[in-house]
Protein chains: 2
Amino acid sequence: MFRAVRKLGHMPALPVEESERRSGPLLDHLARRMRLRSESVLAPLGLRPRHLVALTVLRDSAGISQQALAGTLQIDGTNVVGLLNDLEAEGLVERRRSPEDRRRHVVSLTATGAKRLREAECALAVAEDEVLGALEPAERDTLYDLLRRATSGRPVSCVEASGDEPDPIC
Amino acid sequence: MFRAVRKLGHMPALPVEESERRSGPLLDHLARRMRLRSESVLAPLGLRPRHLVALTVLRDSAGISQQALAGTLQIDGTNVVGLLNDLEAEGLVERRRSPEDRRRHVVSLTATGAKRLREAECALAVAEDEVLGALEPAERDTLYDLLRRATSGRPVSCVEASGDEPDPIC
DNA sequence: ACGGATCGTTTGTGTAGCGCCAACCATTTA
DNA sequence: TAAATGGTTGGCGCTACACAAACGATCCGT
């Protein structure tokens, strides 16, 4: 119905409604739903969503340093300590001093950690079914692959943005 | 192919590494990165990630009631009030009393709201490029579509979980 | 017409997640 | 030997919520 909205100086007709297709907000939205649902099924296992994220990352990149972990997780180093304390207290994760640089802690999943992670993932299936109910199994599969690939990229680290000024666009 | 997962009980040698393919944690992880990046590019527009989510939802389901909004957003009704206050104060959104039920407020995007949303989405492109750098443009497109479909489902509302007992699995 | 339920709103309380700062040890590096 | 670095601890503060209580306006069933 409405939506004529074109106005704006010139700007020819444009059917608007194209809406840019930004996945950021959708990602946020879906992640929130998933997180809320996950909390309940994870609680019995003594884990919280953020623990799961950490464990998942640790499985993929074994023997990572704490500060590298802070990088990929994008949380402050001091908070990584607390997070790992939780996990280590339950024997899911192991801190060892690095041989080449004895200041560093090399973090890795223990056997029971890997096991617990699998259990959690399995329990998560329930939550996932609720949240991704609108998707076919095949679609969920490709979604998983895309997320996997997207997250496995380099830690984004800190603004490698040299002297860029990409603003003027738009 | 994969997914032999036999385990159970003894668990012989198991090559493990099969890992269940749960997208929950990945979703969480990716959303966090995106949110962190988005905050900075959104700030100049006076918006925060959560406002963007709300606006996005509002664009798709125009004329929604506040409590329905609370449902899709999965946040408490009282918090929706504050959220809408922010948006209405900037004229991005409009509350009107519903004609058929005058208790209800019908919320909808204003013209300037839609405009601001598009601007924000455009600005978001920068953040998205950083975060989704590992994906090809075509892949980002399918990701968007999947997220779109996944979020457009019914509000999940509250546990329509009748007398289900899907736990025993796993 | 009355009473109970419902929608939105306000106010207040509590909690969790997290950034950030400062101090401190152990270690590495210049 | 002096500085820089990785981890740890403790503390401060903010933001996002959830939850509860109370209120006005309104709807609805009897």
Side-chain angles (χ1 to χ4, degrees), chain A residues 25 28-29 31-40 42-43 46-54 63-89 93-108 155 157-158, chain B residues 25 28-29 31-40 42-43 46-54 63-89 93-108 155 157-158:
Chain A
D28 214 335
H29 189 181
R32 160 166 257 266
R33 285 189 175 186
M34 186 71 84
R35 187 154 19 82
L36 288 177
R37 273 290 174 251
S38 303
E39 271 164 6
S40 42
L42 248 35
L47 294 173
R48 289 159 179 256
R50 111 192 71 102
H51 294 133
L52 252 273
V53 177
I64 193 178
S65 92
Q66 289 192 202
Q67 80 172 7
L69 188 56
T72 33
L73 249 32
Q74 295 268 278
I75 68 179
D76 191 277
T78 62
N79 294 318
V80 173
V81 178
L83 189 49
L84 290 183
N85 286 348
D86 290 353
L87 297 175
E88 198 172 35
V93 124
E94 206 180 21
R95 283 190 254 220
R96 277 170 318 220
R97 300 228 82 110
S98 162
E100 334 91 357
D101 186 342
R102 308 204 46 265
R103 288 171 299 183
R104 220 171 301 180
H105 274 169
V106 159
V107 187
S108 46
S157 62
C158 336
Chain B
D28 214 335
H29 188 182
R32 159 166 257 268
R33 286 189 175 187
M34 186 72 85
R35 186 154 21 82
L36 288 178
R37 275 291 174 249
S38 303
E39 271 165 6
S40 42
L42 247 35
L47 294 173
R48 288 155 178 257
R50 116 193 64 103
H51 293 134
L52 252 272
V53 177
I64 192 177
S65 92
Q66 289 192 200
Q67 81 172 3
L69 188 57
T72 33
L73 250 31
Q74 296 267 278
I75 68 179
D76 190 276
T78 63
N79 295 317
V80 173
V81 178
L83 189 49
L84 290 183
N85 285 349
D86 290 353
L87 297 175
E88 197 172 36
V93 123
E94 206 180 21
R95 283 191 254 219
R96 278 169 318 220
R97 301 229 81 111
S98 162
E100 333 92 355
D101 186 343
R102 310 204 44 264
R103 287 171 301 180
R104 222 170 302 180
H105 274 170
V106 161
V107 187
S108 45
S157 63
C158 337

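Here is the naming used below: chain letters follow the sequence lines, and residue numbers restart at 1 for every chain.
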> Checking side chain to side chain contact (heavy atoms under 4.5 Å, CB included) against A:Asn79, which of A:Val81, A:Leu83, A:Ile75 comes through?
Replying inline: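 Testing each of A:Val81, A:Leu83, A:Ile75 against A:Asn79, the sole residue satisfying side chain to side chain contact (heavy atoms under 4.5 Å, CB included) is A:Ile75.
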> Which residue, A:Glu100, A:Arg97, A:Gln66, A:Arg96, forms the side chain to side chain contact (heavy atoms under 4.5 Å, CB included) with A:Val106?
Replying inline: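 In the set A:Glu100, A:Arg97, A:Gln66, A:Arg96, the residue that makes a side chain to side chain contact (heavy atoms under 4.5 Å, CB included) with A:Val106 is A:Arg96.
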[X] [atom1] to [N] [atom2]: how many Å, rounded?
X        : N      : atom1 : atom2 : result
A:Gln74  : C:dC20 : CD    : C1'   : 16 Å
A:Gln67  : C:dT27 : CD    : P     : 17 Å
A:Arg96  : D:dG6  : CZ    : C1'   : 17 Å
A:Asp76  : C:dA16 : CG    : P     : 20 Å
B:His51  : D:dT15 : NE2   : P     : 12 Å
B:Arg104 : C:dT9  : CZ    : P     : 14 Å
B:Glu39  : D:dT15 : CD    : C1'   : 10 Å
B:His105 : C:dT6  : NE2   : C1'   : 14 Å

Which nucleotide wins on minimum distance to the side chain of [X], given the candidates [options]?
X        : options                : result
A:Arg103 : D:dC19, D:dT9, C:dA26  : C:dA26
A:Asp101 : D:dT9, C:dT28, D:dC19  : C:dT28
A:Arg102 : C:dT10, C:dT27, D:dG6  : C:dT27
B:Ile75  : D:dC17, C:dC20, D:dG7  : D:dC17
A:Thr78  : C:dA22, D:dA18, C:dT10 : C:dA22

> If you look at every strand shown and take non-hydrogen atoms under 4.0 Å, does B:Arg97 touch a base, only sugar-phosphate, or nothing?
Replying inline: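 Result for B:Arg97 = nothing.
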> Taking all non-hydrogen atoms of both residues, which atom of B:His29 and which atom of A:Thr72 are closest, and how far apart?
Replying inline: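 Taking every non-hydrogen atom into account, NE2-O, 2.8 Å.
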> So which one's nearest nucleotide on DNA chain C is more toward 5', B:Gln66 or A:Glu100?
Replying inline: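 The answer here is B:Gln66.
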> Roughly how far apart are B:Asp28 CG and A:Ser38 OG, rounded to 0.5 Å?
Replying inline: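 Taking CG in B:Asp28 and OG in A:Ser38, the distance rounds to 7.5 Å.
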> DNA chain D: A:Asn79 or A:Arg95, which has the more 5' nearest nucleotide?
Replying inline: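 So the residue in question is A:Arg95.
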> Quick one: on DNA chain D, does A:Arg32 or A:Ser65 contact a more 5' nucleotide (nearest heavy atom)?
Replying inline: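 Final value for this comparison: A:Ser65.
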> Think A:Asn85 has a side-chain N or O under 4.0 angstrom from the OP1 or OP2 of D:dG7?
Replying inline: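 For D:dG7, OP1/OP2 do not have a side-chain N/O of A:Asn85 under 4.0 Å.
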> Between B:Arg32 and B:Arg35, does a side-chain contact (heavy atoms from CB on, under 4.5 Å) hold up when you go through it step by step?
Replying inline: CA-CA 5 Å; B:Arg32 159 166 257 268; B:Arg35 186 154 21 82; 4.1 Å; yes
